[in-house]
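These figures come from a predicted structure and were not determined experimentally. In what follows, chains are A, B, ... by sequence order, proteins preceding strands, each numbered from 1.
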Protein chains: 2
Amino acid sequence: MERFIEYILQFGNLNQQQIDLVSSKATVLALGKDDYYWEAGKMVRRIGFLTAGVLRVYYYTNKGEENTRYFIDENHLILDGPAFEGNYVPSEYLQAMTDCELVIFSKKNWNEISETIVDWDSIVHKITAKHHREKLERRSNLVSQDATTRYLDFIEKFPTLINRIPLSYIASYLGITQSSLSRIRKNIR
Amino acid sequence: MERFIEYILQFGNLNQQQIDLVSSKATVLALGKDDYYWEAGKMVRRIGFLTAGVLRVYYYTNKGEENTRYFIDENHLILDGPAFEGNYVPSEYLQAMTDCELVIFSKKNWNEISETIVDWDSIVHKITAKHHREKLERRSNLVSQDATTRYLDFIEKFPTLINRIPLSYIASYLGITQSSLSRIRKNIR
DNA sequence: ATTGCTTTTTGCCATATGGCAAATGGTTTC
DNA sequence: GAAACCATTTGCCATATGGCAAAAAGCAAT
């Protein structure tokens, strides 16, 4: 929980009373490896902050292929949609790659925080804006570079993920096949 | 201006008085082909809505290569950053591909609207959230598909852009060379 | 240590895309 | 219409990546 508070404080100030309020609204959720935090088509009514573990976000193309959109690691807030768009029905799957621990807010509790703490929405908007910029940037850089460069960039940006995520998912994120990625790793050594 | 109001009304309701307020705060900006709406490193203090023409957003990779991130066509709001993050110094270039016309709000005027119309921020947040989802989705689909598929998708999603944008920029957006794209087009015929 | 299971590497060959330079086609300007 | 200036196509060859299947390596349970 402290980690979540610390995280929030990077984007705005809260006094002790406000911190206590936020804390009182949170619960903890543990996910085992391969569990889903959410699934396409199911309503989402909560906001989560990942304190331990790695999640991957994937979807199915119209050809039925699984496609990894991005990974989420420790100390990231997961609030796509729900905070702004009422109840949110995702088209993506969000699956635990390792055992995970999250701090969770029900939509109801989240709204209560938002109504009580004047700055809350503005803090949250700063965070979403940052997230979106980062995601778009990463994705943009993936196109237009060869696979080796993309892999090296990935290592650089997510050094802690490489050993925790199966090769096939990284390949899927980079948009190449698993065997190609394996060969690329061989060449790099 | 009517187009902008229509656009806004898709995301929330405004009464006539509010519509008049918004209209009174707007000015019109015309850009010639190749002009910049904004440039990397220069402060941006305005929000724009594109009523005619096409813009492209590009940046430079650390290798100095120009990279087209996406295109903006008619009836889209351009508000990355400034609305949420105070004065905004972009790292991208936003250049007119054709003659363009925009409805413009200075940051000051925009803030006044936001302070006067209670729902304004919530409307704007809905729009940004939608934009971000769309951009990310498009970008995601670009990786992990071969160039022909990417081009066909592009045609499908932006049918009106193909004849207005030089081949080289489309290629840059798709992450392939101009000659490859030319060959792809030949094969499709 | 053996077995069964999953992940990763490798080999072989087909195909897609890049790099470069020349040729062609289109437009604007005078 | 000629010249100058773009944008687009093409040819040639090198390289990167894909597809598929088999082998190897890693890991967990017994």
Aromatic centroids of H131(B) and H132(A) separated by under 6.0 Å | no
Nearest whole angstrom, please: distance from the P of dT7(C) to the CE of M97(A).
-> 10 Å
Round to the nearest Å and state the distance from I170(A) atom CD1 to dT8(C) atom P.
-> 8 Å
Using the ring of each side chain (for Trp, its six-membered ring), is Y93(B) parallel, tilted or perpendicular to Y58(B), with breaks at 30° and 60°?
-> parallel
Between C1' of dT27(C) and NZ of K33(B), the distance in whole Å | 11 Å
Please work out if S168(A) contacts a base, only the sugar-phosphate, or nothing of the nucleic acid, heavy-atom cut-off 4.0 Å.
-> sugar-phosphate
Centroid-to-centroid, Y173(A) to F154(A), below 6.0 Å?
-> yes
To the nearest Å, give me how far apart CD (Q178(A)) and P (dT6(C)) are.
-> 14 Å
Looking at the side chain of I184(B), which of dG18(D), dT8(C), dT17(C) is the nearest nucleotide?
-> dT17(C)
In whole angstrom, what separates L174(B)'s CG from dG18(C)'s P?
-> 10 Å
Starting from P on dT17(C), measure out to CG on L181(B) and report it in whole angstrom.
-> 11 Å
To the nearest Å, give me how far apart CD1 (I176(B)) and P (dT15(C)) are.
-> 20 Å
Scan R183(B) against the nucleic acid and name what it touches under 4.0 Å (heavy atoms): base, sugar-phosphate only, or nothing.
-> base
Give one of base, sugar-phosphate or nothing for T177(B), where a contact means two heavy atoms less than 4.0 Å apart.
-> sugar-phosphate
Using only side-chain N and O atoms of S182(B), determine if any of them is under 4.0 Å from OP1 or OP2 of dT9(D).
-> yes
Please indicate whether K42(A) has more than 12 foreign heavy atoms, meaning atoms of other residues, nucleotides or ligands, lying under 6.0 Å from its NZ.
-> no
Does R3(A) make a cation-pi contact with F49(A) (under 6.0 Å, within 45 degrees of the axis)?
-> no
So which one's nearest nucleotide on DNA chain D is more toward 5', S179(A) or Q145(A)?
-> Q145(A)
Which part of the nucleic acid, if any, lies within contact of R164(B), taking any heavy atom under 4.0 Å across all strands shown: a base, the sugar-phosphate backbone alone, or nothing?
-> nothing
In whole angstrom, what separates N163(A)'s CG from dT8(C)'s P?
-> 11 Å
Phosphate contact (dT9(D) OP1 or OP2) by K186(B) side-chain N/O below 4.0 Å | no
Given dT8(D), dT9(C), dT17(D), the nucleotide with the shortest approach to the side chain of R189(A) = dT9(C)
